[in-house]
Amino acid sequence: MEEKLEQLRETARLSIDKTNSSQELEEIRIKLLGKKSELTEISKGIKNLTPEEKPVIGQLINEVREYINIKLNDKAKDIETKEREERLANEVIDITLPGKRNVLGTTHPITETMDFMKNIFVEMGFDVVDGPEVELVKYNFDALNIPETHPSRDITDTFYINDDVVLRTQTSPVQVRYMLENKPPFRMICPGKVYRPDYDISHTPMFHQMEGLMIGKDISFANFKAILTESLKKMFGDREVRFRPHFFPFTEPSAEVDIQCAVCKGKGCRMCKDSGWVEIMGCGMVDPEVLKAVGYDPDEVSGFAFGMGIERVAMLRHGINDLRAFFENDVRFLKQFK
Ligand code: DAH
């Protein structure tokens with residue numbers, strides 16, 4: 001029996017030494033130590049031995065098993081190292097291959113123009129405020145003194161959610177919300193999205209406006225004209241500006257402001273409909289009715305308001321003559337605003 005065990009140790013050594021693959025090594029492990037192995041067979045025969053032989057053979061069996069285990073483990077480590085080295089040798093990194101470029105996006109020209117306009121007014125002490133795009137009829141029309149029968153309330157001019165709720169058609173309702181929550185004196189602007197059911201070369205169903213409102217004691221039309229002229233100069237440089245009398249239900253007196261066309265420099269083109277001028281805002285002194293509706297005393301405070309089209313300003317700044325370009329999001333267009 002001893003001889004058999006020694007022989008087993010020797011065949012184990014030879015077969016383990018010979019192999020070079022981890023799969024084959026696993027097969028050898030099963031053959032040498034598994035349930036049907038010779039070693040297991042020999043262990044089962046131990047019960048037939050004499051009491052003197054039992055401990056001697058038992059110890060030898062353990063030794064042989066231990067020897068085989070160590071041999072197997074050492075070999076497994078060797079194979080693993082060798083396989084890793086082979087893998088590394090075969091894995092060639094081609095450092096001449098071009099890398100992945102990170103493409104940097106650009107700020108959308110509307111966002112960029114909005115930020116530009118915001119900065120101009122913030123420098124003049126205006127607060128920037130926000131308001132809901134889904135708005136109550138009460139704020140979008142009623143509190144702004146817009147009569148029940150005014151055409152801008154028609155379903156052809158306003159997106160209604162129900163009889164009392166609309167997608168705001170202007171940023172002016174934010175004036176009302178702000179006045180209800182704040183006491184004069186203050187000056188604020190509110191840039192944001194507005195909605196009207198129009199679609200053609202110069203209208204899209206969603207566009208952007210920036211509302212402005214300044215209320216305080218003794219604020220006059222002269223103050224108003226000075227502030228707007230100054231801000232327009234910062235926006236457009238020395239281009240000519242004109243104030244035209246106009247009518248808005250929520251301001252009195254009211255005006256529309258035109259700026260010399262940037263595309264044709266006043267000569268007349270498609271952008272300015274051959275007039276040389278482009279209208280960029282509506283404005284006026286806040287109507288006493290509007291002040292009363294929010295609980296202010298028109299004998300105590302006065303002020304002015306304005307609403308500017310942000311797309312118009314962006315078109316004039318960049319000499320763009322088709323409004324739709326802003327919303328088609330063609331990257332060839334957008335890339336030009338780096
Ligand atoms: N909300 C007006 C519009 O969308 C623009 C406007 C006119 C705003 C006069 C004002 C204003 O604040 O005073 O056409």
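As the structure is a computational prediction, the values presented were derived from the model and not from experiment. Numbering of ligands and ligand atoms starts at 1, following listing order. Below, each value reflects all heavy atoms present in this structure, side chains not excepted, and no hydrogens, waters or symmetry copies.
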Do we see a donor-acceptor contact under 3.5 Å between the side chains of [X] and [Y]?
X      : Y      : result
Ser220 : Asn223 : yes
Ser43  : Thr40  : no
Ser172 : Glu211 : yes
Asn140 : Thr169 : yes

Should the proximity of [X] to ligand 1, defined as any heavy atom under 4.0 Å, be assigned to the side chain, the backbone, both, or neither?
X      : answer
Phe250 : side chain
Gln175 : side chain
Cys283 : backbone
Met210 : neither

N or O pair under 3.5 Å between Gly282 and ligand 1: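 Looking only at distances, the answer is no, because the N/O contact criterion of under 3.5 Å is not met.
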Contact check: Gln209 vs ligand 1, nitrogen or oxygen atoms, below 3.5 angstrom: yes
is_close_aromatic(Tyr195, Phe207), centroid dist under 6.0 Å: no
Near-ring test Phe306/Phe121, centroid separation under 6.0 angstrom: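 Between Phe121 and Phe306, the centre distance is under 6.0 Å.
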Mutual orientation of the aromatic rings belonging to His108 and Phe326 [parallel < 30°, tilted 30-60°, perpendicular > 60°]: tilted
Name the closest protein heavy atom to [atom], giving the residue it belongs to and the distance to 0.1 Å.
atom                    : answer
atom 8 (C) of ligand 1  : Gly307 N, 3.3 Å
atom 14 (O) of ligand 1 : Arg196 NH2, 3.9 Å
atom 1 (N) of ligand 1  : Gln170 OE1, 2.6 Å
atom 12 (O) of ligand 1 : Glu211 OE2, 2.6 Å

If you count the atoms of ligand 1 from 1 in the order shown, which ones are under 4.0 Å from a heavy atom of [X]?
X      : value
Gly284 : 13 (O)
Phe248 : 7 (C), 9 (C)
Ser172 : 1 (N), 8 (C)

Closest non-hydrogen atom pair between Thr19 and Lys75, with its separation: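 Here Thr19 and Lys75 meet closest at O-CE, 2.8 Å.
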From Thr251, Asn140, Asp287 - option closest to atom 13 (O) of ligand 1 by heavy atom: Thr251
Residues, nucleotides or ligands: over 12 heavy atoms within 6.0 Å of Glu86 CD: yes
